[in-house]
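Contents: one structure, followed by commentary.
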Amino acid sequence: MLTKALAALSLAITCQAQAITIFACEPEWAALTKVLLPEAGVRTATTHLQDPHHIEARPSLIAQLRGADFAVCTGAELEAGWLPMLQERAGNPKVQNGQPTMFYAAQHVELVDPFKGAITPFSGDVHAHGNPHLHTDPRRFMQVAKALANRLGSVFPDKKPLVDQNLGKFDADMSSKLLAWEKQAAALKGRAVITQHATFGYLWLWLGLRPIADLEPKPGVPPTAAHLEKIMALSQSQQPVGIVIAQHHDPKPGRWLASSMGMPSKMLILPATVVDERPDSIIRWFDQVIAQLSALAK
Ligand SMILES: [Zn+2]
């Protein structure tokens, strides 16, 4: 009887030790966490249909952060409008800034385009520390993957061999895909593109596209008719390859501009991040983005 009870107790302790709960601010980091540590229970604060600058600090998110052993977010102020409040209300010491169990992707890559002007409450979603939408560059994505694997291995040392093994496989898959994607998108190099927000800023840099105009007059501020007319005048001579916006943006201004410029078929709406969190979702997302963008150049 006692042996049985002891066995049950030991099983319970083992189960408890294995149940790692991870909170991810964005779907791309949830997907990456599942690649590296598939056994972890991962909760995601946002979806590909939401603007990660703006979500509501719902009670369910506070509860999820309260129960997390580890959190992975982008940082660089992407979540400035909601994460600090969640961290405060969750009251979980593990997910406070400065803790090894609070991981920020932006601290592990070089960011571009820091906002240079004076920042006021009316400035919009400016990127004072540089563009935080860094996951759209697969090379930066891999830098984050390596840093996250390193961190997970150090805070959960018994998981390190597994995490390292998963990182090795992911790195090999991404490296072989990287060359294929660059080849597929070669016709886009040097072409002009009209965008909305800096959502795909790192993608343009990687593929050599030239963003010539932003539908937003100021970061995070919706397009206005006057601003769109200005873009139209400016872009006529540059023959942009297309107008590319994210799924969480309102498609109407882009559609109006595309048809006014006589290129209605060149308006492309892309998911700004992975659309599910299955292990192959990261590669599938890049596959989709590259295929749809490359089609614009045809
Ligand atoms: Zn932004």
Side-chain angles (χ1 to χ4, degrees), residues 25-26 28 45-57 73-85 104-106 109-137 140 191-206 209-238 240-261 263 266-273 293:
C25 286
E26 288 84 27
E28 62 272 20
T46 56
T47 79
H48 69 286
L49 298 173
Q50 287 173 302
D51 179 349
H53 283 286
H54 301 283
I55 63 157
E56 209 185 313
C73 295
T74 298
E77 297 201 325
L78 178 66
E79 304 96 351
W82 51 276
L83 184 60
M85 194 195 294
Y104 287 109
V109 299
E110 192 190 333
L111 302 181
V112 301
D113 301 333
F115 180 76
K116 302 242 169 59
I119 296 173
T120 71
F122 309 103
S123 298
D125 299 324
V126 295
H127 301 140
H129 298 279
N131 182 347
H133 307 282
L134 58 99
H135 67 284
T136 64
D137 174 358
R140 283 178 169 84
R191 298 293 304 270
V193 65
I194 298 175
T195 67
Q196 178 154 358
H197 196 70
T199 306
F200 298 108
Y202 291 93
L203 189 69
W204 313 143
L205 266 183
W206 170 45
L209 276 152
R210 289 184 299 116
I212 54 164
D214 190 329
L215 299 185
E216 294 181 349
K218 276 200 265 182
V221 175
T224 59
H227 183 67
L228 293 180
E229 292 199 1
K230 221 191 281 173
I231 293 179
M232 194 157 76
L234 182 132
S235 311
Q236 289 292 15
S237 57
Q238 305 226 33
V241 73
I243 298 170
V244 184
I245 69 165
Q247 239 167 12
H248 63 261
H249 293 134
D250 177 3
K252 286 198 280 300
R255 281 205 182 113
W256 179 86
L257 186 63
S259 62
S260 303
M261 289 176 70
M263 44 187 267
K266 300 291 186 183
M267 158 81 178
L268 178 60
I269 303 173
L270 292 173
T273 181
L293 270 180

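Along the sequence shown, residues carry numbers from 1.
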Quick one: [atom1] on [X] to [atom2] on [Y], what's the gap to the nearest 0.5 Å?
X      : Y      : atom1 : atom2 : value
Ile231 : Leu215 : CD1   : CG    : 5.0 Å
Tyr104 : Glu79  : OH    : CD    : 7.0 Å
Leu78  : Cys73  : CG    : SG    : 9.0 Å
Arg140 : Leu134 : CZ    : CG    : 7.5 Å

Quiz prompt | Test side-chain contact (heavy atoms from CB on, under 4.5 Å) applied to Leu234 and Lys230, step by step | solution = CA-CA 6 Å; Leu234 182 132; Lys230 221 191 281 173; over 6 Å; no
So, for [X] and [Y], which heavy atoms are closest and what is the spacing to 0.1 Å?
X      : Y      : value
Asp51  : Ile55  : O-CG2, 4.0 Å
Ala128 : Glu77  : CB-OE1, 3.9 Å
Met232 : Ser260 : SD-CB, 3.4 Å
Pro240 : Ser235 : CD-O, 3.6 Å
Ala76  : Leu111 : CB-CD1, 3.6 Å

Self-check item: Check against side-chain contact (heavy atoms from CB on, under 4.5 Å), Ile269 and Arg255
Solution: CA-CA 10 Å; Ile269 303 173; Arg255 281 205 182 113; 3.7 Å; yes
Is there a side-chain contact between [X] and [Y], using heavy atoms and a 4.5 Å cut-off?
X      : Y      : result
Lys266 : Met261 : no
Met85  : Trp82  : no
His248 : Pro52  : yes
Pro251 : Ile245 : yes

Self-check item: Partner residues of His54 under the side chain to side chain donor-acceptor pair (under 3.5 Å) criterion, sequence neighbours left out
Solution: Asp125
Quiz item: Which residues pass the side chain to side chain donor-acceptor pair (under 3.5 Å) test with Thr74, sequence neighbours left out?
Solution: Glu26, Trp29
Kindly list each side-chain donor-acceptor pair under 3.5 angstrom involving residues 193-206, sequence neighbours excluded, with atom names and distances?
from   : atom 1 : to     : atom 2 : distance (Å)
His197 : ND1    : Glu216 : OE1    : 2.9
His197 : NE2    : His53  : NE2    : 3.3
His197 : NE2    : His127 : NE2    : 3.3
His197 : NE2    : His133 : NE2    : 3.2
Tyr202 : OH     : Val112 : N      : 3.0
Tyr202 : OH     : Asn131 : O      : 2.6
Trp206 : NE1    : Glu182 : OE2    : 2.8

Quiz prompt | Backbone of Val244 reached by a side-chain donor or acceptor of His249 within 3.5 Å | solution = no
May I have the list of side-chain donor-acceptor pairs in residues 218-229 shorter than 3.5 Å, sequence neighbours left out?
from   : atom 1 : to     : atom 2 : distance (Å)
Lys218 : NZ     : Phe122 : O      : 3.2
Thr224 : OG1    : His227 : N      : 3.2
His227 : NE2    : Asp214 : O      : 2.7

Exercise. Tell me, please, which residues at least two apart from Leu49 pass side-chain contact (heavy atoms from CB on, under 4.5 Å).
Key: Thr47, Gln247
Quiz item: What residues, two or more places apart in sequence or in another chain, satisfy side-chain contact (heavy atoms from CB on, under 4.5 Å) together with Ala258?
Solution: Ile243, Met267
